Amino acid sequence: KDELVFDLMIRQPDFITHSFYEEMLAYTANKKPNELLSKLTFKTVTEGPFVQMMHVGPYDNEKETFEIMEKFAEANKLIRKSKIHREVYLSDFRKVAPEKLKTVLRFQVD
């Protein structure tokens with residue numbers, strides 16, 4: 001896990017534009033300066049076709065779910081584009097028991 005490279009992302013409502021983001025970033029920097037604000041970016045992500053599955057359980061067991069997903073892709077003649085994937089956390093790990101955590105896993109395919 002120490003070698004993982006990742007981006008933390010938060011989906012924004014459709015009414016949030018790049019200019020509104022810039023305005024709010026400047027406002028926040030003025031009101032509550034923080035060195036991490038300079039690392040924030042606003043970008044649009046278009047994923048295209050992907051294989052997706054709900055993983056229920058500890059994050060450490062995600063490998064088993066990815067194996068099922070890869071078998072599905074292979075059976076349907078889909079080729080995984082890369083080892084890059086997305087994880088959408090539906091549970092708060094601070095409030096939910098590990099065996100009940102819900103995470104949507106997805107990876108792009110051709």
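Just so it is clear, the values below take in all heavy atoms, side chains as well, and ignore hydrogens, waters and symmetry mates. Here the structure is a predicted model, which is why all the values come from computation and not from measurement.
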With a 6.0 Å cut-off (strictly less than), is the heavy-atom count around [atom1] of [X], excluding the residue itself, greater than 12?
| X | atom1 | answer |
| --- | --- | --- |
| E22 | CD | yes |
| L36 | CG | yes |
| I84 | CD1 | no |

Backbone N/O of M9 and side chain of D7: donor-acceptor pair under 3.5 Å: no

Heavy-atom donor-acceptor pair, N76 side chain to L78 backbone, under 3.5 Å: no

Single-linkage hydrophobic cluster [X]~[Y], side-chain heavy atoms < 4.5 angstrom:
| X | Y | value |
| --- | --- | --- |
| F42 | L37 | yes |
| M54 | I68 | no |
| I16 | M24 | yes |

Flag the pair [X] / [Y] as yes when at least one side-chain heavy-atom distance between them is below 4.5 Å, and no otherwise.
| X | Y | value |
| --- | --- | --- |
| F107 | V109 | yes |
| L101 | V56 | no |
| Q52 | V104 | yes |
| E62 | E87 | yes |

Check against salt bridge (Lys or Arg N to Asp or Glu O under 4.0 Å), K71 and E67: CA-CA 6 Å; K71 286 179 184 173; E67 288 172 357; 5.8 Å; no

Sequence neighbours excluded, every pair satisfying ring-ring contact (aromatic ring centres under 6.0 Å, His included) that has a member inside residues 66-91: Y59-Y89, F66-H85

To the nearest 0.5 angstrom, please state how far the [atom1] atom of [X] sits from the [atom2] atom of [Y].
| X | Y | atom1 | atom2 | value |
| --- | --- | --- | --- | --- |
| T103 | F93 | OG1 | CZ | 11.5 Å |
| L90 | H55 | CG | NE2 | 11.5 Å |
| N30 | L25 | CG | CG | 11.5 Å |
| N61 | E99 | CG | CD | 10.5 Å |
| K81 | E47 | NZ | CD | 10.5 Å |
| I10 | L8 | CD1 | CG | 8.0 Å |

Over all atoms of both residues, closest heavy-atom pair of M69 and V51: CE-O, 3.5 Å

Closest heavy-atom pair and its distance - V96, S91: CG2-CB, 4.0 Å

The single option from Q108, E70, E74 passing side chain to side chain donor-acceptor pair (under 3.5 Å) against R80: E70

